[in-house]
Visitor: 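Pasting a structure here, questions to come.
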Amino acid sequence: MDFQKVIAFATRRGLFQPAFGAYGGLAGFLDYGPVGVKLRRRILEVWRRHYVIDAGCLELDGALIGPEVLFKASGHLGEFDDPLVNCDDCGKQFRADHLIEDGEEMARDKLANALSRTACPNCGAGLSEMTAFNLMFSTKVGAGKGLQGYLRPETAQSIFLAFPWLLRQNRGKLPFAVGQIGRSFRNEISARQGPLRMREFTAMEVEHFFLPDNEPQLSDDLSKVTITLLNSAGKEITCSVGEAHSDGTVNSSLVACHLARAQLFFTDIGVPKNKLRFRQHGSNEMAHYSSDCWDGEIDTSLGWVEVVGVAHRGDYDLSAHGNASSKEFRVAVPGTGKETEIWVPDIGKLGKEFKSDAKIILEAIKDIELQPGILVEVNGDKVELTSEYMSQKTERRSEMVYANVVEPAFGLDRILYCLLESSWKSDGEREWISLPQETSPYDLLVAPLMTKDNLDIKAHEIMKAATKINIDAYYDEAGSIGRRYARADEIGIFYSMTIDHQTLEDGTVTLRERDSKDQNRLSIDDALNKVRR
RNA sequence: GCAGGCGUGGUCUAGUCUGGUAUGACUAGGGGUUUCCAACCCCUCAACCUGGGUUCAAAUCCCGGCGCCUGCACCA
């Protein structure tokens, strides 16, 4: 199925459509409809099982709007801020910092200055004033002048800011991981290709924190996972994750863990193995925070589409917030607690002796290691502080470090698109979506063979029984039975149950499996138990 | 953002050059008939992206906007 077909299909069968269509549409925004919402929820359920239940991630649902200081600290205000210039003559637009040598390193006023001496690379005419384009949506918080705020461009910052709190929830122990499902916003210059490049999108992200010298190792289970890797040198290999880690293809053991987990997640939701690969970023496409990054990609009619990024972010974010905010974002390294004898000033004695100058002395020794005999300058004079003005105290201190983090970040909208493409089947007679039951939008079609002889009444009864045990079922009595099967197949309903005359006699129904079209006659209870997940 | 192409019921589409009641199919809904893989018959709902201009008259010609596609640029 190609892109145009997916879009038409999604509109026709209620998966998604462009948002705000009545007013001409707005690029980069989608509405998800009845079937789309179910499909999304199913994908998220599998994701939660993998990451929250199996991997034990703590969950967070952070605020969507953040204050300006946050994005200054995270680097998004600097790095998401693309300087643009237009040519006065031919109208072409350029990234200003790409026109000047080392422009990406330059301060903005220097860059503007350098640009004034630069000609349009296309036609040689002069360039316009530099304008900044920020990929973040900006907004005002509160009334009046308001506080400058931005819609978050990634869910991750919510987790980093909550790190000290979450660490306490984990009773202070590292490593631990936090998972979050939520929307993020980026004002893309050119939002195209529907679900693949959205201005408002849903991400599933994990931040896996660990002590720098104590990176989580690959488990036996994860190291056995087979995976296809394309390294930054362009070499493609298919091997076990364990091998890829031990031969150095994937340097970090935790990145390797998350590549394996991502592989398991994607194959579970129904992405064929041969359409899945992980590609290492070259150093020039790496994000501002990242030291090693692998993109999980799915092969589609539009080429390889990035659906997850697994990035080693080091301590970039925690140290940024640690430095910019008043909070402690570091953790004590266990086992490094040492007792040290330190000297502390005797403020009472200092006050009695030096009166108002005591303040100056205390200020002077605030940030230095206190020792008897130390010389302090007070109003131009050197004053010696003897042990008489201080006392010795035993202090227990640990080494403080920033936790490191490995982040897998999944784009739900893209995954959904790729899944539609890759699970689309056609055999000349029918076209259908062949997803595993877990990610099928409905578990069951309930269909009376006809609406006569009380078959529909019986079917409604069974429908009720099914929903009572949490089966997500769809009822359809319109048209021929074949037509109903076809309708159900098209949106990937996994089982179809048909109620016929024999049902009234002996309480059995036929249960049809979507992909094979095979039918079995079972008792109603057996059939429902089989369908129940 | 630039260049080119395009925009007609839910979907696909004819009509646009050459201005004059908008074509057909599929889907969907109602009814009939049939009853296990999109059968058939009747009926019904439903569209010219938007704003301006030209004209007696605009889906059609012209201009702007919005949207979609392709390429360039951009893409933490």
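For the numbers below, each heavy atom of this structure counts, side chains included, while hydrogens, waters and symmetry mates do not. Each chain gets a letter, A, B and so on, in the order the sequences are listed, and its residues count up from 1.
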Visitor: When both hydrogen-bonding distances must be under 3.5 Å and the geometry is Watson-Crick or G-U wobble, what is B/U11 paired with, if anything?
Guide: B/A25
Visitor: Does any pair with a residue in residues 13-34 of chain A pass side-chain hydrogen bond (donor to acceptor under 3.5 Å, both in side chains), and if so which ones, sequence neighbours excluded?
Guide: A/R13-A/E490, A/Y32-A/D413
Visitor: Rounded to whole Å, how long is the line connecting atom CZ of A/R197 with atom P of B/A73?
Guide: 13 Å
Visitor: If the C1' atom of B/A22 is compared with that of B/C48, how far apart are they to the nearest Å?
Guide: 8 Å
Visitor: Check for me whether A/R279 meets the cation-pi criterion with A/W304, that is, NZ or CZ under 6.0 Å from the six-membered ring centre and within 45 degrees of the ring axis.
Guide: no
Visitor: Which letter, B, S or -, goes with each nucleotide of nucleotides 27-44 of chain B from 5' to 3', with contact meaning a protein heavy atom under 4.0 Å?
Guide: SS-----SBBBBS-----
Visitor: Taking only the C1' atom of each, what is the distance from B/U54 to B/A46 in whole angstrom?
Guide: 32 Å
Visitor: Pull out every protein N or O sitting under 3.5 Å from an N or O of nucleotides 67-69 of chain B, one pair per line with the distance.
Guide:
from, atom 1, to, atom 2, distance (Å)
B/G67, O4', A/G24, O, 3.1
B/C69, OP1, A/Q193, N, 3.3

Visitor: With a 3.5 angstrom cut-off on both distances, give the Watson-Crick or G-U wobble partner of B/U34, or none if there isn't one.
Guide: none
Visitor: So, A/T249 and A/N231: side-chain donor and acceptor under 3.5 Å apart, yes or no?
Guide: no
Visitor: Do A/D515 and A/W432 have a side chain donor and acceptor closer than 3.5 Å?
Guide: yes
Visitor: Given the P atoms of B/G51 and B/A59, what is the spacing between them in whole Å?
Guide: 12 Å
Visitor: B/G19 and B/G53: how far apart are their C1' atoms, nearest whole angstrom?
Guide: 15 Å
Visitor: Is the A/Y150 ring parallel, tilted or perpendicular to the A/F71 ring (thresholds 30°, 60°)?
Guide: perpendicular
Visitor: Look at the aromatic rings of A/Y417 and A/F3 and report parallel, tilted or perpendicular, splitting at 30° and 60°.
Guide: tilted
Visitor: Between B/C45 and B/G7, how far is it from one C1' atom to the other, in whole Å?
Guide: 24 Å
Visitor: Under a 3.5 Å threshold, yes or no: a donor from one side chain and an acceptor from the other, between A/D525 and A/S523?
Guide: no
Visitor: Side-chain donor-acceptor pair under 3.5 Å between A/E513 and A/N520, yes or no?
Guide: no
Visitor: Rounding to an integer number of Å, can you tell me how far A/E188 CD sits from B/A73 C1'?
Guide: 13 Å
Visitor: Taking pairing as Watson-Crick or G-U wobble with both contacts under 3.5 Å, can you name the mate of B/G1, or confirm there isn't one?
Guide: B/C72
Visitor: What is the distance from CE of A/M136 to P of B/C75, rounded to the nearest Å?
Guide: 15 Å
Visitor: A/L135 CG to B/C74 C1': how many Å, rounded?
Guide: 9 Å
Visitor: Is the shortest side-chain N to carboxylate O distance from A/R42 to A/D443 below 4.0 Å?
Guide: yes
Visitor: For B/C6, which nucleotide in any strand shown is its Watson-Crick or wobble partner with both distances under 3.5 Å?
Guide: B/G67
Visitor: Grab the CG-P distance between A/D2 and B/U70 for me, whole Å please.
Guide: 10 Å
Visitor: Find the distance A/L196:CG to B/C74:C1' and express it as a whole number of Å.
Guide: 16 Å
Visitor: Between B/C2 and B/A58, how many Å separate the two P atoms, rounded to a whole number?
Guide: 31 Å
Visitor: Say we look at B/U27 and B/A73: how far apart would their P atoms be, to the nearest angstrom?
Guide: 45 Å
Visitor: Using the C1' atom as the point on both nucleotides, what is the distance between B/U11 and B/G52, in whole Å?
Guide: 31 Å
Visitor: Searching all strands shown, indicate the nucleotide that pairs with B/C17 (Watson-Crick or G-U wobble; both distances under 3.5 Å).
Guide: none
Visitor: Do the side-chain N and O atoms of A/Y485 and A/T498 include a donor-acceptor pair separated by under 3.5 angstrom?
Guide: yes
